[in-house]
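The structure appears below as structure tokens.
Counting starts at 1 for both ligands and their atoms, following the listed order.
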Amino acid sequence: MPKILIIGACGQIGTELTKQLRAEYGTDNVIASDVRKTDPEFVASGPFEVVNALDFNQIEHTIEKYGVDEVYLMAALLSATAEKNPAFAWDLNMNSLFHVLNLAKAGKIKKIFWPSSIAVFGPTTPKQNTPQYTVMEPSTVYGISKQSGERWCEYYHNIYGVDVRSIRYPGLISWSTPPGGGTTDYAVDIYHKALENGEYTCFLSEETRLPMMYMDDAIRATIEIMKAPAENIKIRSSYNLAAMDFTPKEITEAIQQELPEFTISYEPDFRQKIADSWPQSIDDTCARTDWGWKHEFDLATMTTDMLVHLRELKHND
Ligand code: SER
């Protein structure tokens with residue numbers, strides 16, 4: 001059994017990933033860490049350490065304390081927040097990655113998962129069925145940091161033999177932990193507001209198409225790429241990954257199947273420009289061929305599942 005450390009475990013992906021990895025590898029083999037103890041119940045649910053992703057010594061100490069083999073580095077500033085604080089976004093997104101890459105280079109850990117994003121693409125990238133290899137001129141700080149991170153991952157693999165694996169996540173939709181600071185977050189908030197108020201004001205325009213994925217699929221992809229034999233991971237920058245794509249109008253129609261009274265209005269803000277610079281759909285043939293990726297959820301099945309879980313949550317409140 002590998003010993004696993006998750007950095008940024010209290011975030012939208014980290015919380016779900018911690019739960020699933022503990023289910024598969026045993027609670028004591030999965031150490032959650034974050035800069036803050038946000039949710040007391042989560043913190044008490046297994047081994048937890050306060051770790052600042054920018055503090056090399058803290059990461060190294062935690063790795064040595066638990067004899068960690070694998071690190072999942074989930075701490076990052078997302079696209080919208082990064083635009084408000086570019087210097088900190090660059091510092092956090094890049095230096096946390098260097099810390100973990102250097103620990104692997106020094107032989108202190110064996111394997112790394114590092115998330116990239118559709119934000120590595122930019123306005124000059126072909127928007128439909130965006131290929132794995134194409135023009136990449138990201139125009140957001142977040143995208144620039146992810147694109148640079150991808151280059152460094154590949155470099156550390158090629159030059160130092162570091163086993164680093166990565167996925168370009170599309171927008172991720174989940175019911176249990178709120179997202180923070182992303183351009184795709186409307187697709188989470190819309191479900192909450194549909195149940196709470198029956199109406200939602202969207203910060204993107206109605207025809208803004210973006211690639212998206214349900215969290216269950218994203219977590220499965222993350223664990224599958226980490227479990228795959230090293231020789232199957234032929235791309236050491238980051239893999240395109242896809243499940244569905246939709247517009248605010250289409251997700252509204254899906255919700256209206258279950259909540260016919262639900263209404264939406266549109267007030268695009270600064271995030272519209274970010275969304276407009278990203279692909280509308282992704283070609284993930286390489287992930288499907290190399291390590292057998294297959295998504296399960298589409299817009300309709302995700303909508304049903306989201307509403308079931310959110311109704312339960314609200315009922316128990
Ligand atoms: N969901 C992210 C964001 O919107 C993209 O990786 O920032």
Among Ile274, Thr183, Leu77, whose heavy atom sits nearest atom 4 (O) of ligand 1?
Thr183
Ligand 1 contact by Ile118, heavy-atom criterion under 4.0 angstrom
no
Only heavy atoms of [X], strictly under 4.0 Å: list the atoms of ligand 1 that pass.
X	answer
Trp278	3 (C), 4 (O), 5 (C), 7 (O)
Leu78	7 (O)
Tyr142	5 (C), 6 (O), 7 (O)

What's the shortest distance from atom 7 (O) of ligand 1 to any protein heavy atom, and which residue and atom give it?
Ser79 OG, 2.6 Å
Hey, mind stepping through His157 and Arg165 against side-chain hydrogen bond (donor to acceptor under 3.5 Å, both in side chains) and telling me if it holds?
CA-CA 9 Å; His157 176 76; Arg165 302 166 183 217; over 6 Å; no
With a 6.0 Å cut-off on ring centres, are Tyr191 and Trp175 close enough?
no
Are Trp114 and Tyr72 an aromatic pair, judged by ring center distance below 6.0 Å?
no
So, Lys3 and Asp69, do they make that salt bridge, N to O below 4.0 Å?
no
Salt bridge or not between Arg236 and Glu150? Use side-chain N to carboxylate O under 4.0 Å.
no
Exceeds 12 heavy-atom contacts within 6.0 angstrom, atom CD of Glu207
yes
Between Ser117 and ligand 1, does any nitrogen or oxygen pair lie at a separation below 3.5 Å?
yes
Could an N or O of ligand 1 be found under 3.5 Å from any N or O of Thr184, whether backbone or side chain?
yes
